[in-house]
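Only this structure's heavy atoms are used, side chains among them; waters, hydrogens and symmetry mates stay out.
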Amino acid sequence: MGDRPRVGISSCLLGEPVRYDGRHKRDAWLVDVLGPQVEWVSVCPEVEAGFGTPRETMELVHDANGRTALMTTATKRDLTDILQRYAERRVEELARADLDGYVLKADSPSCGLEGPGLFAAVLTARMPELPIVDERQLDDGHARQRFADGVRAHHRARSAAAESSPWRDVSIVRMQDGKASRATDRAATEEPLEIRLHGQPFAVIMRTPGADRELAAGFLLAERVIRNADELGTIEYCMDRDPVEGQGRDNPNVVNVTLAPELGDRVASIVDGRRNVTTNSSCGLCGRRTIESLATDVAPLGATWRVAASTIGQMPAQLRERQAIFDETGGLHAAGLFTHDGQLIDVAEDVGRHNAVDKIVGRRLMRDALPLSSHVLCVSGRTSFEIVQKALFAGIPVVAAVSAPSTLAIDLAQAFGITLVGFVRGGDFTIYAHAERVEG
C-alpha cells in the first residue's frame, strides 16, 4: 500500500484533452495543491466506453416512465446501455483499487452528481462510504479542507485494516494467447514478523499476517527455546509511539515474548547462541522499510532488453524436463537460469525454493559471473520476497514462476526494476511488475 491516498478523478480535471470538443477542464487547485499529496486514478467514462474525442454532445433525458437515458443531442442516439455496462464493470474495478476519495466533473451526463450522471450513480451506490465530490463543490476553501481531511481519514482507516489482511488487491497485466490486458488480481500478503525475547531481537520470519502469537510460540518451540507451555510467559505486540497523536499503538509486525520467570536468566545466552544472525530493527519494522533498507546496498535493475511472451510460456516445461531428482522423489522444488532468448543453462533442485535459487546464484558467484543482467530466473511454486531479493542481488531482471507471488515480492520487484511473472501455464501468465520487458 502506498504512503499517499489514492483518489479517483475525472480525467479532464487533470488537464487531459478528453472533453467532447477535445479540450480539458484543468482545475489548478486539484492539480497543483492537492495533487502532490495524493495519487490520482484518472478516469474518463466517455472515452473509456469507446465514444472517442471529439464526439457529439450528450444529455440525460427522462421518458414518461421516469427512466433516465443518455442521448446524443443532435442525432438522438441512445447510448444508455453502452455506458451503463461500462460503468458497472469499471466501478467494480475501482472498488478493488484502494481508493480514498473521488472528484467528479460537474454537469457531466456521466459524472455529474446532480441528475445524477450514469457513471456517478453507479459509483456512489457501490461505494457509499467513499468521500465523493464534484469540482464545483470544492470552490469553497472550507469544503476543500473537509474533503482533504476526509480523504486522509479514509486512507488511515484503510491502511490500518490492510496491516492485518492476508491478501491485497494488485494491478496486473494478464497475457492470454499473446494479448495483453490490464486487470486487478489478489495476492497473498507477505510481511516480516520480528520476534523478540525480553525486548532483545531474536528472529525475523517472513509470513502472512494472522495468528502471530501462535506463530511465535510454535517457532520458539521448534527452535527449542522452550520445551513446553509452562515455559512460555506472555506474547505481546510491541508498542509504537504515534508521532502525530503521541499515543502508543500495537505494531502488527513485532512481538515481544517473555519467558517464564525461571528462564529469565537464560535469555542472554539464548540470544547470543542463536545460529543465525537476525536483523536488529526498531518497532517500526515493516515490509516497506525492509525494501527501503535494500536501497543502501543495491541499485534498481535497468535492463532494457525484452523477452517474448512465448519464451516465458515455455520455461516451466523446460525446467520440469531437467528435474531429475523430482522424477525420483516427487518432492523437490527447482530453479532454472535462462538466457533471455529462452535457453536453459543451469538447474538446481532442493526441498526449499530459496535453497534452489541460492545454488544457482552461488555457482555463478564462484565463477565470478555476476551480475546475471541478461538472464531470466524461473522457479517452481510461489514467489516470495526472499526469492525476488536473491534475484536482485544477483542482478537478474526477470523472475517467472508457476504460481503466485506475495505482496511483498510484488512491492520489491516494482521498487527495484524487476519484471515479475506468475502463474505461467503454457502461453498464459500474469505480469505483476515492469510489464514493459515482455513483448507479445
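Atom-to-atom distance recorded for L104:CG and D134:CG is 7.0 Å, nearest 0.5 angstrom. Atom NZ of K105 and atom CG of L113 lie 11.0 Å apart (nearest 0.5 Å). How far OG of S10 is from CG of D27: 11.0 Å, rounded to the nearest 0.5 Å. Note that the CH2 atom of W40 and the CG atom of L34 stand 4.5 Å from one another [nearest 0.5 Å]. Rounding to the nearest 0.5 angstrom, the gap separating the CD1 atom in I418 from the CD1 atom in I396 is 8.5 Å. Atom CG of residue L232 and atom CZ of residue R213 lie 11.5 Å apart, to the nearest 0.5 angstrom.
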Exercise. Could you walk me through whether Q200 and H198 pass the side-chain hydrogen bond (donor to acceptor under 3.5 Å, both in side chains) test, one step at a time?
Key: CA-CA 6 Å; Q200 300 182 56; H198 291 229; over 6 Å; no
Quiz item: What's the verdict on salt bridge (charged side-chain N to carboxylate O under 4.0 Å, His left out) for R152 and D149, showing C-alpha distance, side-chain angles and the deciding distance?
Solution: CA-CA 5 Å; R152 284 190 286 267; D149 290 345; 2.8 Å; yes
Quiz item: Please walk me through it: do R89 and E93 pass salt bridge (charged side-chain N to carboxylate O under 4.0 Å, His left out)?
Solution: CA-CA 7 Å; R89 174 183 60 79; E93 293 176 355; 3.3 Å; yes
Practice problem: Kindly determine whether E48 and Y86 satisfy side-chain hydrogen bond (donor to acceptor under 3.5 Å, both in side chains), including the steps that lead there. | Solution: CA-CA 8 Å; E48 293 182 10; Y86 158 80; 2.5 Å; yes
Practice problem: Before giving the answer on side-chain contact (heavy atoms from CB on, under 4.5 Å), spell out for T184 and I172 the whole-Å C-alpha distance, their side-chain angles and the decisive distance to 0.1 Å. | Solution: CA-CA 6 Å; T184 300; I172 63 169; over 6 Å; no
Exercise. Show your reasoning for whether side-chain hydrogen bond (donor to acceptor under 3.5 Å, both in side chains) applies to N253 and Y237.
Key: CA-CA 8 Å; N253 285 325; Y237 284 105; over 6 Å; no
Exercise. In sequence, state the C-alpha distance, the side-chain angles, and the governing distance for D346 and K359, and then conclude on side-chain contact (heavy atoms from CB on, under 4.5 Å).
Key: CA-CA 10 Å; D346 199 1; K359 292 175 181 179; over 6 Å; no
Quiz item: For C238 and R196, what are the C-alpha separation, side-chain angles and deciding distance, and is it a side-chain contact (heavy atoms from CB on, under 4.5 Å)?
Solution: CA-CA 9 Å; C238 177; R196 296 180 177 183; 4.2 Å; yes
Practice problem: Output, in order, the C-alpha distance, side-chain angles, deciding distance and verdict of salt bridge (charged side-chain N to carboxylate O under 4.0 Å, His left out) for R4 and E39. | Solution: CA-CA 6 Å; R4 294 183 297 167; E39 176 187 347; 5.3 Å; no
Practice problem: Please report the C-alpha distance between V31 and L14 in whole Å, then the side-chain angles of each, then the deciding distance to 0.1 Å, and finally whether the side-chain contact (heavy atoms from CB on, under 4.5 Å) criterion is met. | Solution: CA-CA 6 Å; V31 175; L14 294 178; 4.1 Å; yes
Self-check item: Test side-chain hydrogen bond (donor to acceptor under 3.5 Å, both in side chains) applied to S11 and S42, step by step
Solution: CA-CA 5 Å; S11 303; S42 177; 2.6 Å; yes
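Of all non-hydrogen atoms in L420 and P405, the two that sit nearest each other are CD2-CB, 3.8 Å. Across all non-hydrogen atoms, the minimal contact from A413 to A433 is CB-CB, 3.8 Å. Heavy atoms only, all atoms of each residue included: P300 and G417 are closest at CB-N, 4.5 Å. Scanning all heavy atoms of the two residues, the minimum distance from L83 to S110 falls at CD2-CB, 3.7 Å. Between A299 and L392, the shortest heavy-atom distance links the atoms O-CD1, 4.1 Å. Residues F119 and C111 share a closest heavy-atom pair of CD2-SG, 4.2 Å.
Side-chain polar atoms of T234 and E236 form no donor-acceptor pair below 3.5 angstrom. Residues Y432 and D185 bring a donor and an acceptor atom of their side chains to less than 3.5 Å of each other. Looking only at atom types and distance, the side chain of R382 has no donor-acceptor partner in the side chain of S403 under 3.5 Å away.
Looking only at distances, a side-chain donor or acceptor of T339 sits under 3.5 Å from a matching main-chain atom of Q343. Remark: side-chain polar atoms of S380 are paired, donor with acceptor, to backbone N or O of A334 under 3.5 angstrom. Between the side chain of T311 and the backbone N or O of G342 there is no donor-acceptor pair closer than 3.5 Å. Without hydrogens or angle criteria, K390 side chain to D358 main chain gives no donor-acceptor distance under 3.5 Å. Looking only at distances, a side-chain donor or acceptor of H24 sits under 3.5 Å from a matching main-chain atom of R26. With hydrogens and angles ignored, the 3.5 Å screen pairs a side-chain donor or acceptor of T124 with a backbone N or O of A120. Between the side chain of N256 and the backbone N or O of G199 there is at least one donor-acceptor pair closer than 3.5 Å. When atom types are taken as modelled, the side chain of R437 and the backbone of P397 share a donor-acceptor pair closer than 3.5 angstrom. Remark: the backbone N or O of A106 is not paired with any side-chain donor or acceptor of R136 at under 3.5 angstrom. Side chain of R6 to backbone of A97: a donor-acceptor contact under 3.5 angstrom is found.
Using bins of under 30°, 30° to 60° and over 60° for the plane-to-plane angle, the ring pair F202/F219 lands in the perpendicular bin.
Between V398 and L377, the closest side-chain pair of non-hydrogen atoms is not below 4.5 Å. Between M206 and L193, the closest side-chain pair of non-hydrogen atoms is not below 4.5 Å. Side-chain contact between I205 and I195 is present, with heavy atoms from C-beta onward closer than 4.5 Å. Taking the side chain as every heavy atom from C-beta outward, P131 and Y102 never approach each other to under 4.5 Å. Looking at heavy atoms from C-beta onward, L319 lies in side-chain contact with V347 at the 4.5 angstrom threshold. The shortest side-chain heavy-atom distance between F429 and I431 falls under the 4.5 Å cut-off. Side-chain contact between R55 and T53 is present, with at least one heavy-atom pair separated by less than 4.5 Å. Using a 4.5 Å heavy-atom cutoff, the side chains of V225 and L259 are in contact.
The 12-atom threshold is not exceeded at CG of D177, counting heavy atoms of other residues, nucleotides or ligands nearer than 6.0 Å. More than 12 heavy atoms of other residues, nucleotides or ligands lie within 6.0 Å of CZ in R363, so this atom counts as buried by the packing criterion. The number of heavy-atom neighbours closer than 6.0 Å to CZ of R182, taken from other residues, nucleotides and ligands shown, is 12 or below. Heavy atoms from other residues, nucleotides or ligands lying under 6.0 Å from NZ of K25 number 12 at most.
Considering only residues two or more places apart in sequence or on other chains, W305 meets the ring pair (Phe, Tyr, Trp, His ring centres under 6.0 Å) condition with H340.
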